[in-house]
Amino acid sequence: MTSLFAIVDGNNFYASCERVFNPELEGKPVVVLSNNDGAVIARSNEAKALGIRMGVPAFEIKDLVRKHDIQVLSSNYELYGDMSRRVVDTLLHFTPHLEVYSIDESFLDLGNFYNVNLQDYARTMKDTVRLWTGIPVAVGVAPTKTLAKVANRISKKSAKANGVLVLTDERHIEEALKRTEVGDVWGIGSRYARKLATFGITTAWQLRNVTDAFAKKHLTVVGLRTVRELRGMACIDLEMIPASKQNICTSRSFGSTLTDLGDIKGALATHTVRCATKLRAQNSCAGVLTVFLETSRFNDPSQTYFNSRTVKLDCPTSSEVELLHCAMDALRNIYREGYRYKKTGIILQDIVPDNQVQLNLLSSPNIDRDMKLMQTLDKLRDRFGHKSVRYGVQGVKEEWALKQENVSPCYTTRLEDILKVRS
DNA sequence: TCTGGGGTCCTAGGACCC
DNA sequence: TCTGGGGTCCTAGGACCC
């Protein structure tokens, strides 16, 4: 074996972030809710022990919350994002070969670390992250990313492993795969798990032993790669430099339902500005834009409405001014009176690097002026927050604003919050 | 009353071209 | 009357991830 990967992930990450700055949450069941306080997206171990499942709607656990004094928090992505950066900064002290896989997970390529004591090394990583950031993490180490994921999973469940598991020995790998359900393998979701069960395949070990032809036929080439990774053959490389996005989407449910076009415009305008800001942050322009508007999916079918409009721009752009015009036109097009709307959003597609945009005769005559304006706005928002400058159409009342009943302070990123907490 | 918000990749099938 | 076959591009749908 020549390859070696580690995956380090934060335990119950959002709940742990909250605990770092609010020690009263320690030892208590904690759940963090999605936007609009809709559903549970993170749970402390104590909350898991009470049987609270991932994704369960908040209203369904009301009784449990009262009975067990569960601490229920709105999500605070500004805080979690900053804590995530701190964890990554810490891990970079161990190796520069790091891929930020998600807000709470990083893969590390330990390529030629076979000569070090991996157990000690992984344990030191875990302890250092805890010491420097306050975040508890688990570390899985194995010859492939998929096997490292398996190791990481078991490390959290096994008291003996206590958050660190190195799987390099063939016998240990076999044992680990035999006690891993096939649906818990990275890349095998619930649909594939159900399908595999019809062939009698229920464990990761059984999946590892299917033929290549079987894997390709039933799980496509993606699944074949997973099977090979389970065999110890590294097929998925570390991606140190994040690829620029091919689609950028910004959407939110409204805090309550909206019927008025003006209010919906305000929401969509704000999403469009955010989306365009993301687009410029990766130095890209978009050639196509889609706007959608929908009622609640849980409505009575006679009161359900979904529509979208896709618009091809004359020339790819990153100008909010242009995108706002198009988005508002599209919205006017799909808006129908008489529905209670729950969500709108914008998707930017056909994304190209901004230095590859071919200007044509139809390009906005104001392109230079727009770009200077965008640069200024980006700087202002970067310094004073995204609410510091706004367009008229965004409105000021924000009828659509998120419902967030119990959001924690931004302990690490906002001066006013820091001062408030200290006093 | 209340149910998240992002992304990626692959495949099949139709349109179209020569 | 005979009515092919290969290639490309696009899209919708389905699967997955966090």
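The chains referred to below are lettered A, B, ... by the order of the sequence lines, with proteins before strands, and numbering in each begins at 1.
Using a 4.0 Å heavy-atom cutoff across all strands shown, A:L33 reaches no nucleic acid atom at all. A:K245 comes within 4.0 angstrom of sugar-phosphate atoms only, judged by non-hydrogen atoms across all strands, and of no base. Using a 4.0 Å heavy-atom criterion, one finds that A:V185 contacts the sugar-phosphate atoms exclusively. A:S84 comes within contact range of no nucleotide atom at all, as no heavy-atom separation falls under 4.0 Å. Using a 4.0 Å heavy-atom distance criterion, A:K216 is classed as making no nucleic acid contact. Using a 4.0 Å heavy-atom distance criterion, A:N36 is classed as making no nucleic acid contact. Contacts of A:K195 with the nucleic acid, taken as non-hydrogen atoms under 4.0 Å apart, are absent. A:Q246 comes within 4.0 angstrom of sugar-phosphate atoms only, judged by non-hydrogen atoms across all strands, and of no base. Among the heavy atoms of the strands, none lies under 4.0 Å from A:I103. Counting non-hydrogen atoms under 4.0 angstrom, A:T250 reaches the backbone sugars and phosphates but no base. In this structure, A:S253 reaches the sugar-phosphate backbone alone: every heavy-atom distance under 4.0 Å involves primed, P, OP1 or OP2 atoms, never a base.
Within a 6.0 Å sphere centred on CZ of A:R381, heavy atoms belonging to other residues, nucleotides or ligands number more than 12.
Side-chain proximity of A:Y192 to B:dT3, B:dG5, C:dA15: nearest is C:dA15. Of the listed nucleotides (B:dC2, C:dC18, B:dT3), B:dT3 has the atom at the smallest distance from the side chain of A:P57. The side chain of A:T220 lies closest to B:dT11 when the candidates are C:dA15, B:dG7, B:dT11. In this structure, the nucleotide among C:dC18, B:dG4, B:dT8 sitting nearest to the side chain of A:S34 is B:dG4. Listed candidates were B:dG5, B:dG7, C:dC18. Nearest to the side chain of A:K149 is C:dC18. Nearest nucleotide to the A:S251 side chain, out of B:dC2, C:dA15, B:dG5: B:dG5.
For the pair A:V221 and A:R340, nearest-nucleotide mapping onto DNA chain B gives the more 5' position to A:R340. Summary of the strand contacts: A:R225 and A:K343 both lie near DNA chain B, and taking for each the nucleotide with the nearest heavy atom, the more 5' one is attributed to A:K343.
Classification of A:R130 and A:D127 as a salt-bridged pair fails, no side-chain N sitting under 4.0 Å from a carboxylate O. For A:E46 and A:R19, the salt-bridge test passes: some basic side-chain N is under 4.0 Å from an acidic carboxylate O. With salt bridges taken as basic N to acidic carboxylate O contacts below 4.0 Å, none links A:R252 and A:E398.
As a whole-Å value, the separation of A:H218 NE2 from C:dA15 P is 14 Å. One atom, CD of A:E105, and another, C1' of B:dG6, lie 15 Å apart when rounded to the nearest Å. To the nearest angstrom, C1' of B:dG7 lies 13 Å from CD of A:Q349.
Just one of A:W400, A:F254, A:F306, A:Y335 meets the ring-ring contact (aromatic ring centres under 6.0 Å, His included) condition when paired with A:Y341; it is A:Y335.
Residues A:K48 and A:N12 have side chains that bring a donor and an acceptor to within less than 3.5 angstrom of each other.
For the pair A:F59 and B:dT1, the ring geometry does not qualify as stacking, because the centroid separation below 5.5 Å and plane angle under 30° are not jointly satisfied.
Applying the Watson-Crick and G-U wobble criteria (two distances, each under 3.5 Å), B:dC18 pairs with C:dG5.
Checking the phosphate oxygens (OP1, OP2) of C:dA15, a side-chain nitrogen or oxygen of A:R191 falls inside 4.0 Å.
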